[in-house]
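A short write-up of the structure that comes next.
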Amino acid sequence: MNGIHDMGGMDGFGPVVPERDEPVFHEEWEKRVFGLTNFVLGRIGRNVDEFRHAIERIPPARYLSSSYYERWLQAAETLLREHGILTREELDGLPDAKLAAAAKPAAQPAAPERKRPKASARFKPGDRVLVRNINPPGHTRCPRYARGKRGVIRRDYGTYVFPDTNAHRAGENAQHVYSVEFSSRELWGKSAPERVMLDLWEDYLEPADESRSRGKPRARARSAAAKRTRNKGRKR
Amino acid sequence: MSGNHHDTSEHGPAARVKALEQLLIEKGLIDSAGIDQIVDAYENKIGPRNGARVVARAWTDPAFKKRLLTDAVAACGELGIAGPEGGHMVAVENTPRVHNMVVCTLCSCYPWPVLGLPPVWYKSFAYRSRAVSDPRGVLRDFGLELPDDVEIRVWDSSAEQRYLVLPERPPGTENFTEDELAALVTRDSMIGVAKVAPAKKQ
(Lines give C-alpha, C1' and ligand atoms only; values in the text may rest on other atoms or scores of the structure.)
Protein backbone atom coordinates (compact mmCIF):
# COMPACT_ATOMS: atom_id res chain seq x y z
CA MET A 1 0.00 0.00 0.00
CA ASN A 2 1.11 3.54 -0.66
CA GLY A 3 1.19 4.33 3.04
CA ILE A 4 2.86 6.92 5.23
CA HIS A 5 5.39 4.29 6.36
CA ASP A 6 6.98 4.36 2.89
CA MET A 7 9.14 7.38 3.73
CA GLY A 8 12.21 7.11 1.53
CA GLY A 9 12.79 10.44 -0.24
CA MET A 10 10.22 12.50 1.67
CA ASP A 11 11.12 15.99 2.87
CA GLY A 12 10.07 18.03 5.85
CA PHE A 13 10.92 15.86 8.85
CA GLY A 14 13.84 18.06 9.82
CA PRO A 15 17.34 17.09 10.89
CA VAL A 16 18.28 13.77 12.45
CA VAL A 17 18.78 14.33 16.18
CA PRO A 18 20.88 11.62 17.83
CA GLU A 19 20.57 11.24 21.58
CA ARG A 20 23.75 10.98 23.61
CA ASP A 21 24.08 7.84 25.78
CA GLU A 22 20.66 6.67 24.75
CA PRO A 23 19.15 3.86 26.84
CA VAL A 24 17.79 0.76 25.06
CA PHE A 25 14.30 1.63 26.33
CA HIS A 26 13.17 5.04 27.57
CA GLU A 27 10.12 3.96 29.55
CA GLU A 28 9.09 0.87 31.45
CA TRP A 29 6.02 0.37 29.25
CA GLU A 30 8.19 0.25 26.12
CA LYS A 31 9.91 -2.82 27.53
CA ARG A 32 6.54 -4.48 28.14
CA VAL A 33 5.39 -3.70 24.57
CA PHE A 34 8.61 -5.10 23.13
CA GLY A 35 8.32 -8.34 25.10
CA LEU A 36 4.58 -8.64 24.68
CA THR A 37 4.77 -8.18 20.91
CA ASN A 38 7.29 -10.99 20.76
CA PHE A 39 4.71 -13.25 22.37
CA VAL A 40 1.93 -12.02 20.09
CA LEU A 41 4.12 -12.81 17.09
CA GLY A 42 4.67 -16.27 18.50
CA ARG A 43 0.91 -16.74 18.59
CA ILE A 44 0.51 -15.89 14.90
CA GLY A 45 3.25 -18.14 13.57
CA ARG A 46 5.88 -15.38 13.56
CA ASN A 47 4.51 -13.89 10.37
CA VAL A 48 6.56 -10.70 10.52
CA ASP A 49 5.08 -9.52 7.22
CA GLU A 50 1.64 -9.54 8.77
CA PHE A 51 2.96 -7.61 11.77
CA ARG A 52 4.60 -4.99 9.54
CA HIS A 53 1.38 -4.63 7.58
CA ALA A 54 -0.57 -4.09 10.80
CA ILE A 55 1.75 -1.14 11.51
CA GLU A 56 1.35 0.15 7.96
CA ARG A 57 -2.44 0.12 8.33
CA ILE A 58 -2.33 2.65 11.19
CA PRO A 59 -4.01 5.78 9.73
CA PRO A 60 -1.33 8.26 8.56
CA ALA A 61 -2.09 11.04 11.05
CA ARG A 62 -1.99 8.59 13.93
CA TYR A 63 1.14 6.89 12.59
CA LEU A 64 2.94 10.24 12.55
CA SER A 65 1.82 11.23 16.02
CA SER A 66 2.66 7.88 17.65
CA SER A 67 6.03 6.89 19.00
CA TYR A 68 7.74 3.75 17.77
CA TYR A 69 6.51 1.46 20.56
CA GLU A 70 3.07 3.03 20.45
CA ARG A 71 2.87 1.82 16.86
CA TRP A 72 4.00 -1.64 17.99
CA LEU A 73 1.27 -1.60 20.62
CA GLN A 74 -1.39 -0.65 18.10
CA ALA A 75 -0.23 -3.37 15.71
CA ALA A 76 -0.16 -5.96 18.49
CA GLU A 77 -3.73 -5.08 19.42
CA THR A 78 -4.82 -5.30 15.77
CA LEU A 79 -3.33 -8.78 15.43
CA LEU A 80 -4.80 -9.99 18.74
CA ARG A 81 -8.23 -8.92 17.52
CA GLU A 82 -7.89 -10.21 13.95
CA HIS A 83 -6.68 -13.59 15.14
CA GLY A 84 -9.57 -13.89 17.55
CA ILE A 85 -7.31 -13.96 20.63
CA LEU A 86 -8.98 -10.90 22.16
CA THR A 87 -12.34 -9.43 21.22
CA ARG A 88 -12.90 -5.82 20.32
CA GLU A 89 -14.87 -5.48 23.57
CA GLU A 90 -11.98 -6.81 25.61
CA LEU A 91 -9.60 -4.40 23.93
CA ASP A 92 -11.98 -1.45 24.22
CA GLY A 93 -12.50 -2.05 27.91
CA LEU A 94 -9.05 -3.03 29.00
CA PRO A 95 -9.34 -3.59 32.76
CA ASP A 96 -7.39 -1.80 35.43
CA ALA A 97 -4.27 -3.68 36.18
CA LYS A 98 -4.56 -6.10 39.06
CA LEU A 99 -2.06 -8.84 39.53
CA ALA A 100 -3.61 -11.91 38.05
CA ALA A 101 -2.70 -15.48 38.80
CA ALA A 102 -0.33 -16.46 36.05
CA ALA A 103 -1.32 -19.50 34.07
CA LYS A 104 1.48 -21.35 32.38
CA PRO A 105 1.65 -20.14 28.80
CA ALA A 106 2.37 -22.40 25.88
CA ALA A 107 5.96 -22.58 24.69
CA GLN A 108 6.89 -20.01 22.07
CA PRO A 109 7.73 -21.31 18.62
CA ALA A 110 11.07 -20.20 17.19
CA ALA A 111 11.17 -17.85 14.24
CA PRO A 112 10.73 -19.88 11.06
CA GLU A 113 13.41 -19.73 8.39
CA ARG A 114 12.27 -17.52 5.53
CA LYS A 115 14.83 -18.70 3.04
CA ARG A 116 13.73 -21.45 0.64
CA PRO A 117 15.56 -23.86 -1.65
CA LYS A 118 17.00 -22.00 -4.58
CA ALA A 119 14.51 -21.48 -7.40
CA SER A 120 15.68 -20.64 -10.90
CA ALA A 121 16.74 -17.00 -11.15
CA ARG A 122 15.43 -14.63 -13.78
CA PHE A 123 18.31 -12.19 -13.31
CA LYS A 124 22.03 -12.36 -12.63
CA PRO A 125 24.54 -9.84 -11.29
CA GLY A 126 25.22 -7.16 -13.90
CA ASP A 127 21.73 -7.31 -15.43
CA ARG A 128 19.97 -3.99 -15.88
CA VAL A 129 16.47 -4.00 -14.49
CA LEU A 130 13.45 -1.74 -14.31
CA VAL A 131 11.40 -1.66 -11.11
CA ARG A 132 7.81 -2.26 -12.12
CA ASN A 133 5.37 0.56 -11.51
CA ILE A 134 3.22 -1.45 -9.13
CA ASN A 135 0.84 -0.03 -6.55
CA PRO A 136 -0.36 -3.04 -4.55
CA PRO A 137 -3.19 -2.20 -2.14
CA GLY A 138 -1.78 -4.58 0.50
CA HIS A 139 1.67 -5.13 2.00
CA THR A 140 4.71 -4.66 -0.18
CA ARG A 141 8.44 -4.16 0.35
CA CYS A 142 8.88 -2.30 -2.92
CA PRO A 143 9.35 1.34 -1.87
CA ARG A 144 7.71 4.03 -3.97
CA TYR A 145 10.94 5.92 -4.56
CA ALA A 146 12.28 3.05 -6.67
CA ARG A 147 9.23 2.28 -8.80
CA GLY A 148 9.72 2.98 -12.48
CA LYS A 149 13.46 3.41 -11.91
CA ARG A 150 16.32 1.56 -13.54
CA GLY A 151 19.05 -0.19 -11.61
CA VAL A 152 21.67 -2.90 -11.87
CA ILE A 153 21.57 -6.27 -10.13
CA ARG A 154 24.64 -6.52 -7.90
CA ARG A 155 23.96 -9.61 -5.78
CA ASP A 156 21.58 -12.53 -5.83
CA TYR A 157 20.72 -13.38 -2.21
CA GLY A 158 18.78 -16.53 -3.00
CA THR A 159 15.13 -17.45 -2.64
CA TYR A 160 12.88 -16.03 0.09
CA VAL A 161 9.22 -15.98 1.08
CA PHE A 162 7.41 -13.14 -0.75
CA PRO A 163 6.01 -10.61 1.77
CA ASP A 164 3.33 -9.29 -0.59
CA THR A 165 1.46 -12.59 -0.43
CA ASN A 166 2.71 -13.97 2.89
CA ALA A 167 1.46 -10.93 4.84
CA HIS A 168 -2.05 -11.81 3.71
CA ARG A 169 -1.63 -15.54 4.24
CA ALA A 170 -2.01 -15.96 0.48
CA GLY A 171 0.97 -18.27 0.07
CA GLU A 172 4.73 -18.05 0.30
CA ASN A 173 5.38 -17.49 -3.41
CA ALA A 174 9.11 -17.80 -2.68
CA GLN A 175 11.38 -16.07 -5.18
CA HIS A 176 14.83 -14.55 -5.57
CA VAL A 177 15.84 -11.41 -3.70
CA TYR A 178 18.45 -9.22 -5.35
CA SER A 179 20.56 -6.33 -4.19
CA VAL A 180 19.88 -3.71 -6.84
CA GLU A 181 22.04 -0.61 -7.25
CA PHE A 182 20.50 2.73 -8.21
CA SER A 183 22.38 5.93 -9.01
CA SER A 184 21.36 9.17 -7.37
CA ARG A 185 20.82 10.57 -10.86
CA GLU A 186 18.25 7.87 -11.61
CA LEU A 187 16.45 8.20 -8.26
CA TRP A 188 16.77 11.89 -7.46
CA GLY A 189 18.04 13.60 -10.60
CA LYS A 190 21.34 14.66 -9.06
CA SER A 191 24.87 13.83 -10.06
CA ALA A 192 26.45 13.28 -6.63
CA PRO A 193 28.53 10.11 -6.17
CA GLU A 194 25.78 8.48 -4.11
CA ARG A 195 24.05 5.18 -4.68
CA VAL A 196 21.22 3.35 -3.06
CA MET A 197 21.47 -0.42 -2.70
CA LEU A 198 17.95 -1.75 -2.38
CA ASP A 199 16.89 -5.37 -1.83
CA LEU A 200 14.05 -6.33 -4.14
CA TRP A 201 12.08 -9.49 -4.79
CA GLU A 202 12.02 -10.76 -8.36
CA ASP A 203 8.33 -9.95 -8.95
CA TYR A 204 9.13 -6.25 -8.46
CA LEU A 205 11.52 -6.31 -11.42
CA GLU A 206 11.54 -6.63 -15.17
CA PRO A 207 14.44 -6.48 -17.61
CA ALA A 208 15.38 -2.93 -18.57
CA ASP A 209 15.07 -2.86 -22.33
CA GLU A 210 18.21 -1.02 -23.35
CA SER A 211 17.00 -0.72 -26.95
CA ARG A 212 14.16 1.54 -25.80
CA SER A 213 14.84 5.22 -25.89
CA ARG A 214 14.91 6.38 -22.30
CA GLY A 215 11.83 8.29 -21.29
CA LYS A 216 9.65 6.81 -23.98
CA PRO A 217 9.12 3.22 -22.84
CA ARG A 218 5.36 3.55 -22.92
CA ALA A 219 5.18 4.52 -26.55
CA ARG A 220 7.33 1.53 -27.45
CA ALA A 221 5.26 -0.77 -25.28
CA ARG A 222 2.10 0.51 -26.95
CA SER A 223 3.43 -0.07 -30.41
CA ALA A 224 4.57 -3.57 -29.45
CA ALA A 225 1.10 -4.30 -28.11
CA ALA A 226 -0.46 -2.91 -31.28
CA LYS A 227 1.79 -5.19 -33.34
CA ARG A 228 0.70 -8.22 -31.33
CA THR A 229 -2.94 -7.27 -31.86
CA ARG A 230 -2.34 -6.92 -35.60
CA ASN A 231 -0.66 -10.31 -35.73
CA LYS A 232 -3.57 -11.88 -33.90
CA GLY A 233 -5.97 -10.35 -36.40
CA ARG A 234 -3.97 -11.82 -39.26
CA LYS A 235 -4.13 -15.32 -37.77
CA ARG A 236 -7.88 -15.16 -37.68
CA MET B 1 7.01 13.74 16.84
CA SER B 2 9.68 12.05 14.81
CA GLY B 3 9.39 8.68 16.47
CA ASN B 4 10.52 9.96 19.84
CA HIS B 5 9.16 8.59 23.06
CA HIS B 6 6.60 10.67 24.90
CA ASP B 7 3.51 10.54 27.07
CA THR B 8 3.95 8.40 30.12
CA SER B 9 0.89 9.64 31.96
CA GLU B 10 -1.70 7.23 33.32
CA HIS B 11 -3.84 8.03 30.29
CA GLY B 12 -1.03 7.28 27.89
CA PRO B 13 0.30 3.95 26.72
CA ALA B 14 1.71 2.97 30.13
CA ALA B 15 -1.70 2.21 31.67
CA ARG B 16 -2.99 0.53 28.54
CA VAL B 17 0.04 -1.71 28.17
CA LYS B 18 -0.20 -2.74 31.81
CA ALA B 19 -3.85 -3.67 31.36
CA LEU B 20 -3.21 -5.53 28.12
CA GLU B 21 -0.40 -7.53 29.72
CA GLN B 22 -2.71 -8.45 32.61
CA LEU B 23 -5.44 -9.54 30.23
CA LEU B 24 -3.07 -11.78 28.33
CA ILE B 25 -1.70 -13.21 31.58
CA GLU B 26 -5.24 -14.00 32.78
CA LYS B 27 -5.85 -15.85 29.55
CA GLY B 28 -2.67 -17.83 30.04
CA LEU B 29 -1.17 -16.53 26.82
CA ILE B 30 1.92 -14.86 28.22
CA ASP B 31 3.90 -14.73 31.39
CA SER B 32 5.62 -11.69 32.78
CA ALA B 33 8.81 -13.60 33.51
CA GLY B 34 9.11 -14.39 29.81
CA ILE B 35 8.82 -10.72 28.98
CA ASP B 36 11.37 -9.86 31.68
CA GLN B 37 13.74 -12.37 30.13
CA ILE B 38 13.63 -11.01 26.60
CA VAL B 39 13.83 -7.41 27.83
CA ASP B 40 16.86 -8.29 29.95
CA ALA B 41 18.55 -9.92 26.96
CA TYR B 42 18.27 -6.78 24.82
CA GLU B 43 19.01 -4.36 27.66
CA ASN B 44 22.03 -6.16 29.03
CA LYS B 45 23.39 -8.86 26.75
CA ILE B 46 22.76 -8.16 23.08
CA GLY B 47 24.17 -4.86 21.88
CA PRO B 48 26.84 -3.04 19.89
CA ARG B 49 29.66 -4.53 21.96
CA ASN B 50 29.00 -7.71 19.96
CA GLY B 51 29.46 -5.88 16.68
CA ALA B 52 32.58 -4.17 18.02
CA ARG B 53 34.13 -7.60 18.69
CA VAL B 54 33.38 -8.61 15.09
CA VAL B 55 34.95 -5.42 13.72
CA ALA B 56 38.06 -5.68 15.91
CA ARG B 57 38.55 -9.30 14.84
CA ALA B 58 38.21 -8.29 11.18
CA TRP B 59 40.82 -5.54 11.65
CA THR B 60 43.34 -7.93 13.17
CA ASP B 61 42.68 -11.15 11.27
CA PRO B 62 42.63 -10.81 7.45
CA ALA B 63 41.27 -14.34 6.96
CA PHE B 64 38.39 -13.59 9.34
CA LYS B 65 37.72 -10.32 7.54
CA LYS B 66 37.49 -12.19 4.25
CA ARG B 67 35.04 -14.67 5.75
CA LEU B 68 33.02 -11.81 7.28
CA LEU B 69 32.65 -10.08 3.93
CA THR B 70 31.72 -13.34 2.18
CA ASP B 71 29.41 -14.84 4.80
CA ALA B 72 28.73 -12.58 7.78
CA VAL B 73 26.37 -15.05 9.45
CA ALA B 74 29.02 -17.76 9.59
CA ALA B 75 31.76 -15.33 10.63
CA CYS B 76 29.67 -13.87 13.48
CA GLY B 77 28.77 -17.43 14.44
CA GLU B 78 32.48 -18.14 14.98
CA LEU B 79 32.35 -15.56 17.79
CA GLY B 80 29.15 -17.04 19.16
CA ILE B 81 27.04 -14.17 17.84
CA ALA B 82 23.67 -15.15 16.35
CA GLY B 83 19.96 -14.74 16.98
CA PRO B 84 16.74 -13.08 15.83
CA GLU B 85 17.16 -10.67 12.89
CA GLY B 86 20.59 -12.12 12.32
CA GLY B 87 19.89 -15.03 10.00
CA HIS B 88 20.91 -13.16 6.86
CA MET B 89 23.51 -10.60 7.89
CA VAL B 90 25.76 -8.93 5.34
CA ALA B 91 28.91 -6.93 6.15
CA VAL B 92 29.96 -4.07 3.89
CA GLU B 93 33.41 -2.51 4.07
CA ASN B 94 34.23 1.19 4.25
CA THR B 95 37.35 2.32 2.41
CA PRO B 96 38.91 5.74 1.75
CA ARG B 97 36.89 5.81 -1.50
CA VAL B 98 33.55 4.24 -0.48
CA HIS B 99 31.43 4.99 2.57
CA ASN B 100 28.54 2.66 3.39
CA MET B 101 25.58 3.53 5.56
CA VAL B 102 22.45 1.58 6.48
CA VAL B 103 18.78 2.55 6.72
CA CYS B 104 15.37 0.92 6.67
CA THR B 105 13.05 3.38 4.93
CA LEU B 106 9.95 1.19 5.37
CA CYS B 107 10.25 0.29 9.06
CA SER B 108 13.27 -0.28 11.30
CA CYS B 109 15.15 -3.40 10.14
CA TYR B 110 18.48 -3.67 11.94
CA PRO B 111 21.03 -6.42 12.67
CA TRP B 112 20.01 -7.20 16.26
CA PRO B 113 22.66 -9.83 17.14
CA VAL B 114 25.55 -7.46 16.42
CA LEU B 115 24.02 -4.07 17.29
CA GLY B 116 21.10 -4.79 19.63
CA LEU B 117 17.90 -2.79 19.23
CA PRO B 118 18.08 0.34 17.06
CA PRO B 119 18.36 3.82 18.59
CA VAL B 120 15.44 6.24 18.30
CA TRP B 121 17.13 8.30 15.59
CA TYR B 122 17.46 5.21 13.36
CA LYS B 123 13.69 4.71 13.60
CA SER B 124 12.93 8.42 13.24
CA PHE B 125 11.04 9.81 10.27
CA ALA B 126 13.88 12.25 9.62
CA TYR B 127 16.44 9.47 9.13
CA ARG B 128 14.17 7.07 7.27
CA SER B 129 13.08 9.75 4.80
CA ARG B 130 16.37 11.49 4.05
CA ALA B 131 19.05 8.79 4.29
CA VAL B 132 18.37 7.62 0.72
CA SER B 133 17.88 11.02 -0.93
CA ASP B 134 20.34 13.18 1.00
CA PRO B 135 22.89 10.92 2.70
CA ARG B 136 25.56 13.65 2.80
CA GLY B 137 23.16 15.98 4.56
CA VAL B 138 22.23 13.26 7.05
CA LEU B 139 25.89 12.54 7.76
CA ARG B 140 26.36 16.27 8.42
CA ASP B 141 23.62 15.99 11.06
CA PHE B 142 25.99 13.56 12.77
CA GLY B 143 28.93 15.91 12.32
CA LEU B 144 30.53 13.82 9.59
CA GLU B 145 31.62 15.73 6.49
CA LEU B 146 32.83 13.48 3.68
CA PRO B 147 34.88 14.76 0.72
CA ASP B 148 32.75 15.27 -2.42
CA ASP B 149 34.54 12.51 -4.29
CA VAL B 150 33.91 9.80 -1.71
CA GLU B 151 31.14 7.55 -2.95
CA ILE B 152 28.30 6.94 -0.50
CA ARG B 153 26.42 3.65 -0.70
CA VAL B 154 23.17 3.63 1.22
CA TRP B 155 21.87 0.15 1.99
CA ASP B 156 18.09 0.22 2.36
CA SER B 157 17.21 -2.95 4.34
CA SER B 158 13.98 -3.66 2.48
CA ALA B 159 14.19 -7.46 2.48
CA GLU B 160 15.77 -10.15 4.67
CA GLN B 161 19.36 -8.96 4.70
CA ARG B 162 20.57 -7.03 7.73
CA TYR B 163 23.64 -4.89 7.15
CA LEU B 164 26.69 -4.26 9.30
CA VAL B 165 29.20 -1.63 8.24
CA LEU B 166 32.84 -2.58 8.70
CA PRO B 167 34.37 0.83 9.44
CA GLU B 168 37.92 1.83 8.57
CA ARG B 169 40.53 1.10 11.19
CA PRO B 170 41.73 4.45 12.51
CA PRO B 171 45.37 5.45 12.05
CA GLY B 172 47.69 5.18 15.02
CA THR B 173 46.21 1.91 16.25
CA GLU B 174 48.84 -0.42 14.82
CA ASN B 175 49.93 -1.63 18.26
CA PHE B 176 46.44 -1.98 19.72
CA THR B 177 45.24 -5.35 20.91
CA GLU B 178 41.95 -6.74 19.66
CA ASP B 179 40.20 -5.74 22.91
CA GLU B 180 41.63 -2.22 22.75
CA LEU B 181 40.42 -1.92 19.18
CA ALA B 182 36.95 -3.19 20.09
CA ALA B 183 36.71 -0.49 22.74
CA LEU B 184 37.10 2.16 20.02
CA VAL B 185 34.30 0.87 17.81
CA THR B 186 31.00 2.72 18.22
CA ARG B 187 27.49 1.67 17.28
CA ASP B 188 27.17 4.64 14.92
CA SER B 189 30.32 3.64 13.04
CA MET B 190 28.76 0.21 12.37
CA ILE B 191 25.57 1.83 11.00
CA GLY B 192 27.79 4.07 8.88
CA VAL B 193 26.91 7.49 10.25
CA ALA B 194 30.29 7.98 11.93
CA LYS B 195 33.92 7.04 11.56
CA VAL B 196 35.90 5.36 14.29
CA ALA B 197 37.95 8.06 15.98
CA PRO B 198 41.54 7.27 16.84
CA ALA B 199 42.33 7.10 20.53
CA LYS B 200 45.56 7.22 22.47
CA LYS B 201 46.76 3.94 23.86
CA GLN B 202 46.62 3.95 27.66
Side-chain angles (χ1 to χ4, degrees), chain A residues 5-10 13-19 22 24-27 29-36 38-39 43 52 55 64-65 67-68 70 73 85-86 90 94-98 100 102-105 111 113-114 141 143 145 157 160 177 188 192-201, chain B residues 1-6 8 13-14 16-26 28-32 34-35 38-39 42-43 84 87-88 105-108 116-117 119-121 123-130 132-133 135-136 138 141-142 149 151-161:
Chain A
H5 67 283
D6 187 355
M7 292 185 154
M10 286 178 74
F13 289 116
V16 181
V17 185
E19 181 183 341
E22 182 179 336
V24 176
F25 299 99
H26 290 80
E27 305 290 344
W29 68 265
E30 295 182 341
K31 302 180 188 178
R32 306 323 285 174
V33 170
F34 176 71
L36 193 146
N38 181 56
F39 279 84
R43 297 287 303 185
R52 289 196 183 117
I55 293 178
L64 291 175
S65 60
S67 72
Y68 182 73
E70 282 175 327
L73 174 62
I85 298 165
L86 294 182
E90 282 173 312
L94 279 176
D96 282 337
K98 275 192 229 110
K104 191 76 195 150
E113 175 56 78
R114 292 160 65 81
R141 295 294 285 181
Y145 74 79
Y157 283 131
Y160 292 85
V177 171
W188 318 110
E194 298 164 1
R195 297 168 197 287
V196 172
M197 313 297 294
L198 181 62
D199 296 339
L200 295 169
W201 271 264
Chain B
M1 121 180 163
S2 53
N4 289 311
H5 64 285
H6 61 96
T8 56
R16 188 171 184 88
V17 173
K18 206 168 175 184
L20 180 61
E21 185 177 340
Q22 285 303 323
L23 187 55
L24 293 170
I25 288 170
E26 282 167 27
L29 296 173
I30 65 171
D31 69 321
S32 289
I35 294 184
I38 183 167
V39 168
Y42 284 96
E43 266 198 313
H88 309 283
T105 61
L106 294 171
C107 49
S108 56
L117 299 180
V120 165
W121 65 256
K123 305 176 283 190
S124 72
F125 306 148
Y127 187 74
R128 286 167 54 193
S129 59
R130 268 173 64 231
V132 283
S133 56
R136 274 190 163 72
V138 167
D141 290 348
F142 286 88
D149 59 345
E151 182 189 315
I152 302 181
R153 281 186 205 150
V154 184
W155 298 81
D156 187 352
S157 327
S158 50
E160 307 298 328
Q161 279 58 41

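Numbers restart at 1 for each chain; the letters A, B, ... are given by sequence-line order, proteins then strands.
For A:V24, the part lying near chain B is the side chain, with the backbone staying farther off; criterion is any non-hydrogen pair under 4.5 Å. Heavy atoms of A:I55 lying under 4.5 Å from chain B are absent altogether. Only the side chain of A:V177 comes within contact range of chain B, with heavy atoms under 4.5 Å apart. For B:P119, the parts sitting under 4.5 Å from any heavy atom of chain A are the backbone and the side chain alike. Looking at A:E22, only its side chain comes within 4.5 Å of chain B, counting heavy atoms on both sides. Contact annotation for A:L73: only side-chain heavy atoms (C-beta onward) come within less than 4.5 Å of a heavy atom of chain B. Looking at B:L106, the atoms closer than 4.5 Å to chain A (heavy atoms on both sides) sit in the backbone and in the side chain alike.
The minimum heavy-atom distance between A:G8 and B:V132, with the atom names listed, is CA-CG2, 3.7 Å. Of all heavy-atom pairs spanning B:W121 and A:E19, the tightest one is CD1-N, 4.4 Å. A pairwise comparison of heavy atoms in A:P15 and B:A126 identifies O-CB, 3.6 Å as the closest pair. The two residues A:L64 and B:F125 have their closest heavy-atom pair at O-CE1, 3.5 Å. Between A:G9 and B:S133, the closest heavy-atom pair is CA-OG, 3.8 Å.
Between A:Y160 and B:H88, the ring planes lie perpendicular to each other; the angle is over 60°, past the 30° to 60° tilted range.
Formation of a donor-acceptor pair under 3.5 Å by the A:R141 side chain with backbone atoms of B:S158 is found in this model.
The shortest side-chain heavy-atom distance between A:F13 and B:S124 does not fall under the 4.5 Å cut-off. Side-chain contact check for A:V16 versus B:R130: some heavy-atom pair is nearer than 4.5 Å. Annotation: side chain of B:L24 is in contact with side chain of A:L86 (closest heavy-atom distance under 4.5 Å). Side-chain contact between A:Y157 and B:E160 is absent, with no heavy-atom pair separated by less than 4.5 Å.
With respect to chain B, the highest number of heavy-atom pairs below 4.5 Å among A:G14, A:P193, A:G35 belongs to A:P193. The choice from A:E113, A:H5, A:R52 that makes the most heavy-atom pairs within less than 4.5 Å of chain B is A:H5. With chain B as partner, the option from A:M10, A:R32, A:R114, A:K31 having the largest number of non-hydrogen pairs under 4.5 angstrom is A:R32.
Atom CH2 of A:W29 is separated from atom CG of B:L20 by 12.5 Å, given to the nearest 0.5 angstrom. Separation of atoms SG (B:C107) and CG (A:D6) is listed at 10.5 Å; rounding is to 0.5 Å. Interatomic distance, B:L29 CG to A:R43 CZ, rounded to the nearest 0.5 Å: 4.5 Å.
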- Message: Determine whether B:S108 and A:Y68 satisfy the following criterion, side-chain hydrogen bond (donor to acceptor under 3.5 Å, both in side chains), listing intermediate values before the conclusion.
- Response: CA-CA 9 Å; B:S108 56; A:Y68 182 73; 2.6 Å; yes

